[in-house]
Amino acid sequence: MFQQFHYSNQLTFFQKLRSIDFILLLCILIIGFISIFAMYSTDGGDVLYHTKNHILRFFLFFSLMIVLSFVNIKFWHATGYIFYLIVLLLLIGASFYGVTAQGSQRWINLYFINLQPSELMKIAIIVCFAKYYHRIQINNVNKITLLAIPMVILIIPIFLVIAQPDLGTSILIALSGLMVLWLAGVNIKYFVYSSLVFIISAPFVISFLKPYQKLRILTFFNPDKDPLGAGYQIIQSKIAVGSGGLFGKGFLKGTQGYLEFLPEKHTDFIFTLFSEEFGFIGSLILLIIYAIMIFRIIRIGYQSRSFFGRLFCFGFASAIFIYVSVNMCMVLGLLPIVGSPLPIMSYGGSSMLATMIGFSIVMSSNIYQRQLIS
Amino acid sequence: MINEGSNTVFRKLSTINRRMFIFSLAKAAVFTGIVGRLFSLQISDNKKYLTLSDKNRLRESRLPPVRGKFLDYFGNTIAGNLEVYQLHVIPEQVEDFRYLMIRLRDILGFDNTKLAKLIKKKNNQKPWETLIVSENLSWEEFSKINYYLHDLAGAKPVITIGRSYPYSESYTHILGYVAQVSREDLNSSETIKQRNVPGLRVGKSGLEKNFEKELIGTNSIQRYEVNAYGKRINQIDHVEGEEGKTIKLTVDSEIQKLTQELLKDKAGSISVMDIYTGEIIAMNSSPSFDPNLFLYGVDLQKWNEIKKDPLKPLLNKTLSGLYAPGSTIKPIVALSALENDVLRTNMQVRCRGKVEMYGHTYHCWKEKGHGYMTLKNAIKQSCDIYFYEVARLLGVDRLNETATKFGLGKKVLGKYFPNEKKGVVPSTEWKKKNIGQNWYLGETFITGIGQGYIQTNPLQLCLMTAQLANGGYKIYPRITINKNQESAEEIRKIMLQSRNEIKDRKDTLFNMTGDFLKRKSNLHRSLVRNPENIKFVLDAMFRSTNEVYGTSYGSRIDDPKYQFAGKTGTSQVKRITEEERKLDLETSQIPYKDRDHAWYVAFGPYKEPRYALSVLVEHGGSGSKAAAPIAKKLFKLIIDRHELREKSTKQKGVKI
């Protein structure tokens with residue numbers, strides 16, 4: 001069914017420009033602008049440190065994404081493993097020489113930016129697996145030897161990130177990786193078995209967790225037990241969202257955020273702040289934009305001729321979905337509080353960079369959708 | 001791609017697409033779930049969370065209520081509110097607390113103990129709570145702080161409201177004082193508990209305490225927004241509280257001030273009363289103290305000084321001090337005897353200075369004796385021997401009846417001053433009940449000259465005199481102005497009417513039903529059977545003051561405008577031994593504690609009486625020397641202010 005004729009990958013610039021998915025681009029821009037306003041609100045209606053940085057990062061990384069979009073998809077395929085290795089090295093570097101903040105050593109000081117390699121790993125693992133399964137035939141997917149390699153690839157960064165400690169990011173890395181494995185055709189029984197193993201070993205794993213992480217999990221099940229302590233974040237977040245009502249309290253009028261009842265309002269709880277100020281309608285619109293974004297990425301994956309492009313797009317779409325739903329469920333009290341940013345909305349350079357790199361690969365596979373990768 | 005593998009490639013492709021599709025369905029489900037959750041939080045439970053969010057951010061703060069004022073009869077403020085300059089510090093807003101404190105110490109000049117205390121206090125409270133560094137700054141200090149304010153980051157000079165007593169010690173025993181609320185205050189009054197805020201001051205004694213409910217006012221309420229750390233961000237609402245009720249007294253500050261001066265350096269009491277309306281014109285007890293001291297908590301040394309003063313400044317002697325009335329009781333004894341027809345006014349008794357009865361010797365104050373005395377002369381010259389005889393004839397129980405009628409042995413202003421003491425008017429029954437013994441006749445004699453068991457407070461004697469002076473009609477003493485009160489003129493009419501009704505009553509005994517008792521005239525009913533008896537006693541009192549040989553002749557005023565009539569009293573505080581009697585020491589030669597109390601009761605102007613007064617000088621010696629001269633000075637001012645008082649009543653159109 002694949003055409004035999006030689007496909008010229010010598011597209012003109014104009015052709016490339018035309019084949020950019022403008023709807024996806026628009027979605028990114030809209031969420032970008034929403035995030036700038038939200039950031040402006042977290043700064044108390046003033047362009048302060050967070051807002052300035054966020055605007056700068058958004059436009060810098062957005063431009064970077066546009067530029068990288070024109071890089072041929074072959075490049076990403078070729079450098080897939082290298083990309084993973086570089087990020088892994090950075091991750092190891094962070095574990096030894098990293099900058100410690102809030103009791104967690106997860107940043108590398110690159111002088112102009114404090115880079116968080118674990119955020120990049122979220123993308124690198126997808127690129128790496130997409131490349132790995134690009135050439136493996138469907139019959140061989142479930143061979144144990146071929147399954148062992150991706151398991152190692154996945155487990156090393158997860159352990160490094162857990163050790164930082166950063167439970168949230170490690171879970172997101174694991175989920176993104178497993179998502180690609182599943183899409184690639186790994187038998188469902190492996191997932192069932194491994195989740196059984198996980199449940200059985202959960203008590204042992206929990207015993208290795210830091211006390212604050214244990215507390216968070218316990219708190220999730222009963223936040224009202226300790227309303228001023230660990231349950232405080234969930235309760236305050238629910239109050240903020242709930243008090244928003246249908247239309248919200250109005251831009252810059254969210255009392256929960258303004259009066260500092262919301263913890264981490266720049267990063268993990270940015271949706272709470274947004275939801276308080278713009279209400280159910282606003283939240284719904286934001287969610288719809290994310291849904292459109294995910295849909296567009298899946299659509300691009302469908303149109304991609306290469307397994308690499310397809311797997312990456314599907315994987316990335318799933319990853320975006322996981323980030324969004326984990327973040328939202330968390331702030332709405334449906335999941336325990338684990339650090340997980342909302343893509344584009346949350347304050348954070350590395351997360352923004354990783355997301356934009358992901359988008360650029362998606363864009364690139366759209367522009368070069370007919371590109372065959374041998 | 002490779003041809004031969006096109007089948008496997010197709011399978012791979014379809015697997016990926018199928019799984020993506022399954023996953024997309026899961027995505028749709030999760031997103032729907034999130035929307036559902038949003039709906040339940042934001043739409044269904046919106047009210048609940050809105051309330052929670054308001055509870056989070058809104059705080060109420062109640063400010064101390066503004067206390068009602070006290071005015072005197074002429075509308076002068078006698079207890080008001082004044083601006084107080086304070087220095088507050090909110091530790092949270094201070095960068096270097098120690099430095100600030102040391103700077104303040106240098107500027108205000110307080111010592112290191114206070115510095116240590118402040119630092120200790122700061123450590124015991126939350127950082128955003130106000131620390132009051134100084135409660136009462138002088139204007140100089142206040143301006144000095146304002147001058148250096150740029151260097152005192154975090155210091156807040158504040159103007160607040162405090163209590164002020166412009167007449168300082170003159171009114172202390174009437175008004176009492178206010179001070180910081182205590183645990184007992186909170187437990188005893190629900191109102192105080194409700195209105196309590198830090199810095200609230202409540203009445204601790206006197207009228208300030210008695211009228212607490214009326215005076216306290218309501219709190220101003222400030223609603224403001226706080227952040228997650230409890231720090232105030234901005235004010236949302238301010239509800240102005242109601243100022244406490246202003247209470248107007250019947251007291252004339254000029255006369256009150258004079259009483260303070262007249263009793264200076266003495267222990268004693270003065271009361272002045274309107275004989276018709278019962279209004280207290282002045283009421284003082286000496287020594288007094290400055291109630292302004294208590295506003296910020298008096299310092300211990302000064303407090304001990306006041307507490308340990310042998311002249312007892314904390315005791316309101318006018319109401320809570322009990323003394324033997326001495327000879328001031330004689331007009332009542334005489335009246336009682338006349339009312340009960342036990343003697344004729346021309347009954348003669350020879351006074352030899354002492355008399356022996358039932359094996360005991362009873363002395364007259366005049367060692368040489370008065371010679372032959374009649375009742376009128378016996379009152380005029382206060383002959384004790386004569387009154388022993390009167391008492392013997394009268395008996396203690398009949399005396400008790402008359403004395404009680406005239407207000408002795410009952411609280412006069414108990415409604416306003418719960419700790420007033422009611423004193424004792426003895427009777428045979430009383431003795432049996434309270435001491436458990438039978439009454440001895442000898443005790444009747446000394447009761448007849450106001451010694452022995454009988455005990456009165458100075459205000460009771462003032463009321464007694466007033467009720468004699470108005471012709472023997474009942475009056476109701478009061479210290480606050482009541483709008484529905486009849487004027488003196490009206491009361492006089494009611495009194496005359498009640499006199500006529502008594503005459504009528506004799507004719508129609510059947511009318512003496514409950515209906516009669518309800519009438520207004522009953523309020524100011526006559527306390528005597530025969531008005532001639534009252535006239536007789538008043539005339540005797542006039543002679544006592546205005547005729548030669550009268551005991552207070554030396555303090556008389558001849559000008560009929562000021563002319564007054566009165567009765568002296570000298571009450572012994574201990575039994576006088578025979579040796580002491582022989583020595584006949586001057587007052588100054590006797591130890592202070594053993595000196596007699598000096599009494600004087602009087603009313604004036606004699607032609608048309610309007611005011612009655614009682615003067616007590618504790619351990620002052622004889623009534624004629626120590627107490628009567630004070631009354632003379634008082635009457636001058638009282639009569640001079642009379643017209644002004646009448647005019648003020650009419651001008652305001654207030655029915656007094």
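Predicted, not measured: the structure shown is a model, and the values here were computed from it. Chain naming here is simple, since letters A, B, ... match the order of the sequence lines and numbering starts at 1 in each.
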Are A/Met328 and B/Phe31 close enough that some pair of their side-chain heavy atoms sits under 4.5 Å apart?
no
Closest non-hydrogen atoms of B/Ile16 and A/Leu183, given as atom of the first, atom of the second and distance, are CG1-O, 3.3 Å
Please check this pair: side chain of B/Gln42 against backbone of A/Ser275, looking for a donor-acceptor N/O pair closer than 3.5 Å.
yes
Is A/Leu287 close to B/Val35 at the side-chain level, that is, under 4.5 Å between some pair of heavy atoms?
yes
Determine whether a donor-acceptor pair (N or O, by modelled atom type, separation under 3.5 Å) exists between the side chain of B/Arg37 and the backbone of A/Cys329.
no
Does A/Leu246 reach the side chain of B/Asn46, with side-chain heavy atoms less than 4.5 Å apart?
no
Which one of B/Asn17, B/Asp54, B/Val30, B/Leu50 has the most heavy-atom pairs closer than 4.5 Å to chain A?
B/Asn17
Note: B/Thr8 and A/Ile138 closest approach over all heavy atoms is O-CG2, 3.6 Å
Determine the minimum heavy-atom distance between B/Lys12 and A/His134, stating which atoms define it.
NZ-O, 2.9 Å
Could you tell me which portion of B/Ser24 (side chain, backbone, both or neither) has an atom closer than 4.5 angstrom to a non-hydrogen atom of chain A?
side chain
Closest non-hydrogen contact found for B/Met20 with A/Ile298 is CE-CD1, 3.5 Å
For A/Val186 and B/Arg19 the tightest heavy-atom approach is O-NH1, 2.6 Å
Inspect the surroundings of CZ in A/Phe191 and state if more than 12 heavy atoms from other residues, nucleotides or ligands are less than 6.0 Å away.
yes
Under 4.5 Å between any side-chain heavy atoms of A/Phe307 and B/Leu13, yes or no?
yes
